[in-house]
Amino acid sequence: MKYFCNPLNVPYHYQFLTDRRSADNAKLVNREAADPSLVLFQGKYYLFASMNGSVWVSEDLAHWESRLLPSNLPIYDYAPDVRAIGEWLYFSASKRGEICNFYRTKDPVNGPYEEIPGTFDFWDPDLFLDDDGRLYFYWGCSNVTPIWGVELDRETMKPKTERVELLFGDPFHKGYERFGEDNSEQPKTEDEVEKLLTDYLKEKRMTLEEVPDQYRATMRGMFSGMPFIEGAWMTKHNGRYYLQYACPGTEFNIYADGVYVSDRPLGPFTPALNNPFSLKPGGFMRGAGHGSTLQDRDGAWWHTATMQISMNHSFERRVGLWSAGFDKDGELFCNQRYGDWPMNVEGLAADPWKDPEWYLLSYGKKTAASSCAPGRESSCAVDENAQTWWKAGSAGEGQWLSLDLGEVMDVRAIQINFADDTENGIAWPEQAQNSGERYIDLTLQATRWLLEASVDGEAWTVVEDKRNAETDLSHDLVVRENGLKIRRLRLTIFQVPYGAAPCVSGLRVFGRGSGEKPQTPKAAAKRVGPMNFTVSIPQTPGAAGFNVLWGHRADKLYHSYLLMGSSVSEKNIGALVEDQEYYFRVDSFNENGITEGMVEKLS
């Protein structure tokens, strides 16, 4: 079997960043990988992500190997795009205001990458080869400009046509394009924008006439509350063109991918009924925007996208992968119902809506630790929130974190999520000090630990020993397909990068309980305005959490929001499209399984 658990279990390299936007040029340290482009090339899967300096290679989409990229590629440019065209793999990345080059290679790991001089600047590129051999290019990343498209010459990579405006943001009618937690922020009116802009210029002792013409629209956009429309990716299926795009902002839990459809590669495009098709606002790690869609070698579809932490920096991000597909009506969908639980690649390839085989066992369970920093208690490791973490009271070797499941359980997988803390005081390497604004540390780091299990808390056996590891896997996954009988786990940490105090945001355990499934939830939902609805769920015996599902047809509940707890007082979900009809269902789950609710019309 081939199992994985989001975020993907790969090295996420550290970057050292001087924040020029802050008053004191703050020095920030965080790990980042985002904006993934995933392709099948010469029988292997290659995944390129922003600010990681590497390509991830896989034979099966479950197990990944990280390889450093050749030095002539622009690894400090955002949103790398890759596409297989014949015997070549083409690469490009973003550099606003400067001409961007293209690159191609026959060996993505070792290179060489041949440089093809570019002729225009772009941000968030996407190259697409049509069935007839014609080459198209899509780009755009702004809250004042659209996604553009153009046809390119395959030999020179120069535009053959004028660029075409393909889609703009519309948060006045599409709730999922609104900013804020759970799409809670309304875009500003013209009068509001004018006042905010006037106040800003007054504070800066400037007049609008002093602002260069080319920057005025961008400056207004700063105050507009309009979404960033970005991250284009084109997929063709059964003769139709699916132009995917990300919105509204990567720093929110509702970072999502929407889709427009056309019969022609340069449009006109119309929004699909199932929008956004990729949305993961709840669960341990949230967000599912700016990604790519792939058909694997056996014909199954997958979508990879950006997941959010955004604690040490708004761009502190990871990469997730989910099963996807096209239904009988040609609608693009993505299954993220339990999108950060262990998944079986083969099972999902056969059935993209297959329920998890293993359930979450660790939520809210009793924990202990060798020491805790103030406000970073051990319980933070089991609260199903990647934005909180246990932090050891010191950086000494041998700090430990333990978990008591409450009874002996059938454990099948354990995910260990290491976090980074801004108060760790990581010393900047000399190269970072001299690098200017940003430095990605590609040197080999190591995260070393020992995981032990016990039935009675007295006799301990080793589950996984990484005391001599040479890898830095901040979201490591241990799988035991045949199961282990475990009540207690103990994680002892011997080394983390830069000698920092160890932090764990999730010691997550999955398997099968021996009790009853939860009762059916008696949920109530109502539409509140054109683009919001609220859900209330009374105390449900046996429930550890709920999955709120909704969609534009009773048999197409493609959207989901996972919520932890045995009740929900009132949850607002703001991702609806105005004037579109919806249906919903609320499922409950616990350690023993999932209990489906009734499908009802949302009114």
Side-chain angles (χ1 to χ4, degrees), residues 173-178 180-184 253-254 256-259 271-283 286 288 322-325 327-329 331-341 352-356 517-590 593-603:
H173 302 94
K174 297 181 178 68
Y176 67 89
E177 290 189 355
R178 292 178 295 180
E181 188 84 358
D182 295 331
N183 307 109
S184 57
N253 71 314
I254 40 70
D257 282 334
V259 59
L273 287 174
N274 180 42
N275 257 315
F277 79 93
S278 175
L279 174 71
K280 189 186 178 300
R286 312 173 308 170
W322 301 274
S323 60
D327 67 18
K328 57 182 173 52
D329 299 313
E331 292 196 65
L332 176 60
F333 63 80
C334 187
N335 177 12
Q336 290 147 338
R337 289 181 179 177
Y338 299 90
D340 49 34
W341 291 17
W353 292 106
K354 183 179 176 61
D355 281 340
K517 294 181 181 181
Q519 292 187 12
T520 304
K522 299 177 180 178
K526 62 179 179 179
R527 198 156 184 168
V528 182
M531 297 181 290
N532 292 48
F533 75 103
T534 61
V535 177
S536 299
I537 311 170
Q539 192 75 25
T540 304
F546 305 95
N547 227 331
V548 182
L549 315 179
W550 71 96
H552 66 277
R553 274 181 29 180
D555 59 344
K556 296 189 179 190
L557 304 181
Y558 294 156
H559 313 297
S560 60
Y561 198 136
L562 190 145
L563 301 167
M564 299 305 300
S566 58
S567 66
V568 176
S569 56
E570 186 173 81
K571 180 65 180 178
N572 179 73
I573 298 174
L576 304 186
V577 175
E578 186 176 26
D579 297 328
Q580 188 161 293
E581 192 174 75
Y582 286 94
Y583 294 81
F584 78 96
R585 188 182 89 205
V586 177
D587 298 343
S588 58
F589 63 85
N590 64 12
I594 300 166
T595 301
E596 292 187 2
M598 297 291 294
V599 178
E600 300 180 53
K601 187 174 183 180
L602 186 61
S603 59

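When a residue number appears, it is its place in the shown sequence, counting from 1.
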Find the distance between [atom1] ([X]) and [atom2] ([Y]) and round it off to the nearest 0.5 Å.
X      : Y      : atom1 : atom2 : answer
Asn590 : Gln519 : CG    : CD    : 11.0 Å
Leu279 : Asn183 : CG    : CG    : 7.5 Å
Asn547 : Leu563 : CG    : CG    : 8.0 Å
Ile254 : Glu177 : CD1   : CD    : 10.5 Å

Under the side-chain hydrogen bond (donor to acceptor under 3.5 Å, both in side chains) rule, collect the residues that match up with [X], sequence neighbours excluded.
X      : value
Lys601 : Glu581
Asp579 : none
Asp182 : Asn253, Tyr561, Lys571

NZ of Lys354: more than 12 outside heavy atoms within 6.0 angstrom?
no

Is there a side-chain contact between [X] and [Y], using heavy atoms and a 4.5 Å cut-off?
X      : Y      : answer
Phe584 : Leu557 : no
Phe589 : Ile594 : yes
Val528 : Glu570 : no
Ser560 : Leu549 : yes
Lys174 : Pro271 : yes

Under 3.5 Å donor-acceptor, Asn335 side chain and Ser323 backbone:
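No; judged by distance alone, with no hydrogens or angles, the pair does not exist.
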
Sequence neighbours excluded - side-chain hydrogen bond (donor to acceptor under 3.5 Å, both in side chains) pairs with any residue from residues 272-282:
Asn274-His559, Ser278-Gln336, Lys280-Asp340

Minimum heavy-atom separation for [X] and [Y], please, with both atom names.
X      : Y      : result
Pro276 : Ala575 : CD-O, 4.3 Å
Ala554 : Tyr583 : N-CD1, 3.5 Å
Trp322 : Gly339 : NE1-O, 3.0 Å
Gly258 : Phe277 : O-CE2, 3.7 Å

Does the gap between the ring centers of Tyr558 and Trp353 come in under 6.0 Å?
yes

Identify whether the distance between the nearest side-chain nitrogen and carboxylate oxygen of Arg553 and Asp329 falls below 4.0 Å.
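Counted as a salt bridge, because a side-chain N and a carboxylate O are separated by less than 4.0 Å.
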
What residues form a side chain to side chain contact (heavy atoms under 4.5 Å, CB included) with Val577, not counting sequence neighbours?
Tyr176, Gln580, Tyr582

Which donor-acceptor pairs under 3.5 Å do side chains of residues 529-546 form with protein atoms, sequence neighbours excluded?
from   : atom 1 : to     : atom 2 : distance (Å)
Asn532 : OD1    : Arg178 : NH1    : 3.3
Asn532 : OD1    : Arg178 : NH2    : 2.6
Asn532 : ND2    : Asn572 : OD1    : 3.3
Ser536 : OG     : Ser569 : O      : 2.9
Gln539 : NE2    : Ser566 : OG     : 2.6
Thr540 : OG1    : Pro538 : O      : 2.9

